Structure formats: C-alpha cells, structure tokens
Number of protein chains: 2
Amino acid sequence: MATMQQVADRAGVSIATVSFVVNGTKYVTPATTARVEAAMRELKFRGNLVARALASRRTRIIALLFPTVGNRFSPTTSEFFMSAAERASQRGYHLVLWPVDPAGEDLDDLVSGGLVDGVVLMEVRMDDPRVRKLSELDVPFTLIGRTRDSSDLPFVDIDFETTIEDSLDHLQGLGHRRFGLVLENLEGTPMAGYAPHLRVEDTFRRSVAARGAVGTVVYAGAGSEGGREAARALLDADPEVSGVLVMKDDSSAGLLVGLSAAGRRVPDDVSVLSIASSGTAGDQHHPRLTTMVAPGRELGERAADALIDQLDGASEGKPHFLLPCVLRPAESVAAAPTGATA
Amino acid sequence: MATMQQVADRAGVSIATVSFVVNGTKYVTPATTARVEAAMRELKFRGNLVARALASRRTRIIALLFPTVGNRFSPTTSEFFMSAAERASQRGYHLVLWPVDPAGEDLDDLVSGGLVDGVVLMEVRMDDPRVRKLSELDVPFTLIGRTRDSSDLPFVDIDFETTIEDSLDHLQGLGHRRFGLVLENLEGTPMAGYAPHLRVEDTFRRSVAARGAVGTVVYAGAGSEGGREAARALLDADPEVSGVLVMKDDSSAGLLVGLSAAGRRVPDDVSVLSIASSGTAGDQHHPRLTTMVAPGRELGERAADALIDQLDGASEGKPHFLLPCVLRPAESVAAAPTGATA
DNA sequence: CTGAAAGCGCTAACAA
DNA sequence: TTGTTAGCGCTTTCAG
C-alpha cells in the first residue's frame, strides 16, 4: 500500500500538498493537482484511514449499537440499519452494526478507544443504561427510540401514541367496541422495559378508556403456539372481543389460528391489525394481515442525519422526530410473479 | 481522555512500561505493575485504539460483509452475525456488520484503509466478485458460503448436498416418491447466482433422478401470494406431487394455504419440509412446519475462528468446514407460557 | 500556492 | 526489569 509520502515523492511535491489535494483542504494549482493525481493513480494510493483518524481525531465511522442478547432482528430493524447506513455513506461516513451488551458494560472500550465518532442506539428501553454511559463518556449519540424522558436527548422514534390512536380509530370505524392487545412479555429478559411495548400498552389502555370501550391486554409466548394461547386468553377474558392489535410478528399466525379454532372468523367476526410491523411480515399470511407499517427507512435516515449533523457541527438543538406507522390494508398489494420449470 | 504518557508520569515510570503492563507484552514487577494500574484507574485510562492500531498495524476489528442491496436478513443471517461476534469477542476481536456493495466496488476503501484486520463474507454467490477483490487486496478473509470453486479458499458452509439427501431420505421414508422444490427466483437481482439456491436445485434434480423418482422445481414470488402461486404451479406440473421442500420462509405459509386450497391436506396428503431455515421460522406456522434447521450459530463461530486463526497466525492451511441442516420434526417443541391481564 | 515540521497516542526494538 | 526513542501515515499550523 502506497503511502502519501511515496505519492509526494513521485509527484515531486511535499506530503502536505498531497494531503491538500486529497482532502481539498487548500487550493492547489490545477497543474500540481494533476501531477499529484497522476501519481496517486499510478501508485494506487488509497490512504491509510487509521493514520488519518489519529491525526484528525475522527474516524468518520459511526456505530449502530445492537444488543448482543435478547436480540430481535426484525425486518424493521433491518430497515433501520440499511437506510441509516445508506444515508451515512451519502454523507461521507461509514455506519456499522456493532453488537454491545445491553447493559452498556462494554461501551467504554468502543467509544473511548476513539474508534467511532458517534453512536446511534436502537432497541431503547425506558431506563436505558446505555444512555447514561454514553452521556458520561461524552460521545455524540442519537436514539432510534426514546427513554422515559428523552426531552434533552436527540431522538427519532415511531409515534406509538398516534399509531395506537389511529389503529383504534380504524377498528372503531369498522364497528368494533371491544379491543384486545397482544404483546410480548419481556419481563425477566435483558430487554425488560422495552419502550415501544410500554408506550403501546399504556396508550392502548388510556385510549380505550377514553373511548368508553373495553380493552384487554394479553402477553404472548413465543411463536405460533404463543399466538394460539394468546387467542384463548383473550377470549377467556373477553369473549366478545372483536378488534385485536398484535405487536408480535412471530405469533400473529398462531393468533389467527387460535381465533378461528375458537369459532371466530377473521375478518368477519374479529378484525386483526398488526402494528409496528413491516409490510412483508403482513404478506406472509393468508389472508394478508392489515398492518400498521413502521416507517423504518425514514427513521433510519433521520437518525443518521441527526447524528451526522451533530458531528459536523450543523446541528440546531436536539432533534425530536416522531413518525407514526401507516395503515396498509390487506388488499393493497400487487401479486408477485411465479414461474415453474419442469 | 487520559493518554498513556499521563499514566506513565503519574506512576513515575516510562511510557514503555505502561505499554507493557497494558498489553502484557513484557514482564513487569508486581510492584510497578500495581503503581501503573493504580494510575490508570485514577486517570480512567482507556487507551486510544486508533493510535494503537497505527503503531501496531492491526485494529483487531473484523468486518462481516453484508450486501447493501438484495438483502435478506433472515434469522439465520442474524445467527451468523451474533455467534461470530460473540466468538470474536472471546478471542479479543470486535466483529461488526459492514454494509457493502454486492459487486465489491467499495471494498477498497474499507480494506486498504487499514480499518479492519480481516473480513468474513456472507451471502456468497457462485462467482462472487467480492472474492476476487479481496484476493487482489490481499486481505485475510473467510467465507460463510462457497463460490463455485472454493477449494483454495477458507470457508464454512451449510452442507447443502447432504441436507437435500437427508431431506429426500426423510420424505422417502414417509412413503413419498414425487417431490417438489420451491425456491426463490433471484435472476435479474444483485443476488443472482446465490450459491445455496443453485446447489440445492442441482442436488435436488440429481438426487431425485438417482432415486428414480419425479421432481419438480418451482420459483416462487414474494410473500404468501408467491407461495400460493407456487403451490398451484407445482400441482399443475405434477398433480401427484406429495413431498415438498421449501427454501423460502416468507412463502411457506402461502404454500400451505395453496396446497389446502387445492384439496391437499398437510401433512396427510402432502408433506412439507422447510429447509435451511431457522427453528423459529417453523414455529410461526400452525401446524408447525417440519424444518431442516440451519446450523447458524456453529457456522458463525467456525467462521470467526477460521479468520482469527489466520490473523493470529495459528492457521494450518485453508479450513473447509461443512455442516448439514438437521431435521427438526414439527412436534419437538415445548409450549411457551402465555399470561393474560385484565 | 507550496513546504517544513510538529504532533496525534501508542508499539516495539534496542539499550541500559 | 525498565527506559529511550524511532517510527506508524497523515493533518495542520506556520513560514515563505
């Protein structure tokens, strides 16, 4: 790997000049610029990012922190990652997915090591220990999600409050008055206190009460089995429940089965709405599930922007960005092509 | 952030001594070791990883490359990532998921920049351009997957050949003689040439022929819709097909629906086997799908080990590690707990 | 407009 | 057993 000094020698200039043309830091005459560029090309000069990072005290790498345990790499998570990475790349940064202990114990080395310029957190819990750590460490960061009180933190998040209101509006518009909510039970796991669950449950209870309606909350176990049991538990608690929200993709199939096992036809007798999920998740079912689709890509981009603005000193205050899920009815999808061969 | 020099001053030793105790590079008397450690503690010394990397010419970071487009972040992918990261961490490395262009165009900066010591590739295609690039760049790497000819490359992979044989054995044991295979069609996408598909299809055709049986291959479109159409196409081509392999999680639900819509009962009339999938994917269905579960965690660990052995100079040749998927019957799962609240 | 030179914080010979 | 010191490859004043 050619070094900058070698390029300088070859071009007959000083290393500083090479640095200037590489970074566009200072004006260099077209003539010398050309010579330098030729030399770079001939030597296949790439530049040592580590050296640059040491000298400039920035790596232009940002880390998206992903909990090493209790992980749920959903399609939406993947959208966050891909879209944030893309945005970062457009703005001259690399974004990588970095596995860290959810308790934040290993955050120190990552960050104090100077390996990353900033960090975006996801899978945020109400009282997320990583937030404290990061603040102490004094590293720029942004959340995808919110802690209990995020007013002085930069964040982007799904607007769960609006999402739930919209969901209930939708079901109510369909004539339903008795609602159910199926959630995952994270108590006792490292992801206990997962903010989306708590916000959704809270909003659900409050909104149902405000509507003078009936609401039942049920926690489902894993997989289809968990969904079937949830259906039973739901119907036990309220045999007349007819509008159901599910926030647990892997159990929704089971939920549907459980409902029909109990003699409820979907969507004739009971309506099921999958929330904060991805479009493709809803497409896996038949009939397709109506879904409140999470705005994963946009949130990922916003998160990257918020952090990079901060890093580049272009930030005006702490951005707070909330976007609700949008309703996607079961029908609004084009058929996909299928072909057969012998 | 305290520097090593500051620690040295405080401990009344030279910077070299501090370096020795930090890295365990040389013997230092317990007494001075203690003084140095005290100083480090008092100053909250963490060490600048960038500086260390520049001086030692290694970052102790390895990148798991993930295609920026055509991405399929399946549960198995996630297992690769998490288990490889864990293993790397045990061995003193950080593993991060790095999004790169599937054509390998942006590999240069990543690698020549000296930011990572090595690379593990996944989602490998038969003729993967990234492999060439990486070889040219002369960076240590390992594959999770195989190109067409990987004999001189270090790799770990699912043993698709054995997996398919085992699958057919299983179905044949159940009395089936007419087989079907449902795959995804990746032609025309950036993931065209995806090795697992090609290997599976090839092995399927050959093995079915060798068994003197009938085999039909069908390509499914996206989601449940794609699965239903695949069922139709399959039954059109061979109305008596009774043993079906699916390698497309998001369509398997649709496939089941399509089969029963055509009057086939599963598993009474036709058996369905999901291959190279994760256990949780099979659990989403009801009844649970019998699954050939991909050994994701073990492969991830092996891949990390193979690369790190190489980096640490502990490698003996090019490891070639193949592991088949293992059959997990639909019944072999314990029920998960479910609880209800008012 | 270009060059000299002083670091960035740490590693690893080589000395002592 | 510990210290001295020359880099690692690049950025960035400050002169000229």
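Remember, predicted model here, so these are calculated numbers, not experimental data. Residue numbers begin at 1 in each chain, while the letters A, B, ... track the order of the sequences.
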Identify whether any heavy atom of B:G47 sits under 4.0 Å from a base atom; if not, whether one sits that close to sugar-phosphate; answer base, sugar-phosphate or nothing.
sugar-phosphate
> Contact class for A:S19 (heavy atom, under 4.0 Å): base, sugar-phosphate, or nothing?
Replying inline: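 Base: the residue A:S19, judged by heavy atoms under 4.0 Å, touches a nucleobase.
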Any idea which of [options] is nearest the [X] side chain?
| X | options | answer |
| --- | --- | --- |
| B:T17 | C:dC10, D:dC8, D:dG3 | D:dG3 |
| A:I15 | D:dG3, D:dC10, D:dT5 | D:dC10 |
| B:A16 | C:dG9, C:dA12, C:dG3 | C:dA12 |
| B:L54 | D:dC8, C:dT11, D:dC10 | D:dC8 |
| B:V13 | D:dT13, D:dG7, D:dG3 | D:dG3 |
| A:T25 | D:dT2, C:dT11, D:dT12 | D:dT12 |
| B:S14 | C:dT11, D:dG3, D:dC10 | D:dG3 |

When B:S56 and A:N23 are each assigned the nearest nucleotide of DNA chain D, the 5'-most assignment goes to B:S56
Just how far, in rounded Å, is [atom2] of [N] from [atom1] of [X]?
| X | N | atom1 | atom2 | answer |
| --- | --- | --- | --- | --- |
| A:R58 | D:dT12 | CZ | C1' | 15 Å |
| B:M4 | D:dC8 | CE | P | 19 Å |
| A:F20 | D:dT12 | CZ | P | 9 Å |
| B:M40 | C:dC10 | CE | P | 11 Å |
| A:Q6 | D:dC8 | CD | C1' | 13 Å |
| A:R35 | C:dC1 | CZ | P | 15 Å |
| B:Q5 | D:dT5 | CD | P | 12 Å |
| B:L49 | D:dC8 | CG | C1' | 16 Å |

Salt-bridge present ([X], [Y]; N to O < 4.0 Å):
| X | Y | value |
| --- | --- | --- |
| B:R146 | B:D128 | no |
| A:D108 | B:R46 | yes |
| A:R130 | A:D106 | no |
| A:D138 | A:K133 | no |

Query raised in the report: For DNA chain C, whose closest nucleotide is more 5', that of B:F45 or that of B:K26?
Result: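 This one resolves to B:F45.
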(request) Taking atom types as modelled, find out whether B:D101 and B:T68 have a side-chain donor-acceptor pair closer than 3.5 angstrom. (result)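 No, B:T68 and B:D101 have no side-chain donor paired with an acceptor closer than 3.5 Å.
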Next item on the list: Determine: side-chain N/O of B:R52 to OP1/OP2 of C:dT11, distance under 4.0 Å, yes or no.
Entry: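 Yes.
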